[in-house]
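Notes follow once the structure below has been shown.
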Amino acid sequence: MKVFKKTLNLADFLITVKNKKQTIGFVPTMGALHQGHLSLIKHAQQNNDITVVSIFVNPTQFDNKEDLMKYPKPVDKDILMLKNIFCDVVFMPSVGEIYTNDIQATSFSFDGLEHQMEGKFRKGHFDGVGTIVKRLFEIVSPTNAYFGEKDFQQLQIIKKLVEKHNIPVNIEGRPIFREEDGLAMSSRNTRLTKEHREVAPFIYETLKKVKENFGIKNVDELTSWVYKEFEKHPLLNLEYFTIANESNLKSIERIVPDQKHRAFIAVFAGDIRLIDNISLSKN
Ligand code: PAF
């Protein structure tokens, strides 16, 4: 496995790949890799000639300094995990390599997608994501790039980013990878206390009940039911729950036939913020 820290060295290597007309599959990550990342990487390996994984904890997408400081960085473990699955290339730039002297995000318009859900609670987050993903796409020029559906809003925003900026890459969203008890895999799960880890599957259990009752109960009833369930919960604090249209991410008041709907949730388990979502399509 090749490990690059410098953009120029990676670019040199990728020129030889492109000259051979090989396809490049790209999985951008912030490290602290888990099975969810590995499943994205394996999918990339099956569908491309070369797979590039980036590990970069992007400072401009954190609206909370403490979350950035405490973000897990098990670099050696990550490299070992990537070697074990025969990943071809890992790109691990420093902050200076990406941002030079100015650690600032560019301001983007994603046609309103950025104002929904996470956008309301994490100011500037999607400008940070847009900035780093655009920069990484410029460096890697991947054929295909893969993102998990746990960050469904991020996935839609990245599709919008490439559409608006004419970036020639195919974006593929992949299903959420879950722990056996249903908790969506996330690098932040390792920071949960034992108590919070034990109760965290309640989030997905609630989403599954919403799906079961979608169409039987109306949107208002389902939403108030979820808020009440979390009010009763001693350890989990609901930040938001909403049922939204999958393509524009706007909350819906009633079910619109022929449109795809999805339920989205953000919950604090102590200091750790967890997000999850579920498709409400019947299949
Ligand atoms: O989903 C993530 O891990 C990050 O937001 C991403 C896409 C790697 C950009 O930093």
Side-chain angles (χ1 to χ4, degrees), residues 4 7 10 24-41 43-44 51-64 67-75 78 81-82 87 89-95 97-99 103-106 108 110 113-114 117-119 121-140 142 144-162 165 167 169-178 184-191 249 264 266 272-277:
F4 294 104
T7 308
L10 173 67
I24 301 173
F26 181 40
V27 182
T29 81
M30 298 206 298
L33 303 176
H34 51 65
Q35 292 303 319
H37 294 115
L38 297 192
S39 81
L40 287 179
I41 298 165
H43 183 79
T51 295
V52 178
V53 173
S54 64
I55 297 182
F56 180 68
V57 181
N58 173 36
T60 63
Q61 72 186 73
F62 284 80
D63 57 321
N64 176 331
D67 190 26
L68 171 61
M69 264 159 47
K70 293 195 174 156
Y71 201 84
K73 292 193 188 73
V75 180
D78 283 350
M81 280 168 92
L82 293 173
C87 178
V89 176
V90 52
F91 179 46
M92 306 176 63
S94 64
V95 172
E97 184 70 15
I98 293 291
Y99 286 102
I103 309 179
Q104 291 287 337
T106 313
F108 288 94
F110 298 114
L113 293 176
E114 73 278 28
M117 302 184 292
E118 292 297 284
F121 292 92
R122 301 186 69 191
K123 288 278 164 253
H125 170 66
F126 289 118
D127 281 339
V129 171
T131 305
I132 185 60
V133 172
K134 187 164 178 286
R135 179 87 188 96
L136 290 169
F137 283 168
E138 282 157 6
I139 297 169
V140 178
N144 299 296
Y146 303 91
F147 296 85
E149 284 185 347
K150 183 175 75 69
D151 299 292
F152 193 85
Q153 186 172 11
Q154 166 174 282
L155 170 66
Q156 299 298 62
I157 280 182
I158 290 167
K159 286 184 181 165
K160 185 64 80 180
L161 172 84
V162 306
H165 295 266
I167 307 173
V169 51
N170 171 50
I171 304 297
E172 193 179 324
R174 302 285 304 157
I176 301 177
F177 222 76
R178 297 184 180 279
M185 288 206 186
S186 161
S187 304
R188 289 184 179 87
N189 292 353
T190 56
R191 292 187 48 218
L249 301 181
F264 295 87
I272 312 302
R273 190 171 179 279
L274 302 172
I275 59 170
D276 201 348
N277 65 80

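Atoms within each ligand, like the ligands themselves, are counted from 1 in listed order.
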Starting from [atom], what is the nearest protein heavy atom, named by residue and atom, and what distance separates them?
atom: atom 3 (O) of ligand 1; value: Met30 CG, 3.7 Å
atom: atom 9 (C) of ligand 1; value: Gln61 OE1, 3.4 Å
atom: atom 1 (O) of ligand 1; value: Gln154 NE2, 2.8 Å

Say whether Tyr71 and Asn58, considering side chains only, have a donor N or O and an acceptor N or O under 3.5 Å apart.
no
What is the distance from atom CD1 of Ile132 to atom CZ of Phe56, rounded to the nearest 0.5 Å?
4.5 Å
Just verifying a value: how many Å separate Lys70 NZ and Phe62 CZ, rounded to the nearest 0.5 Å?
13.5 Å
Which part of Thr29 is near ligand 1, with near meaning a heavy atom under 4.0 Å away: side chain, backbone, both or neither?
backbone
Under a 3.5 Å distance rule, please check whether Asn144 uses its side chain to pair with a backbone N or O of Ala44 as donor and acceptor.
no
Pair Arg273 + Glu118, salt bridge at N-O below 4.0 Å
yes
Which atoms of ligand 1 are found less than 4.0 Å from any heavy atom of Ile132?
9 (C), 10 (O)
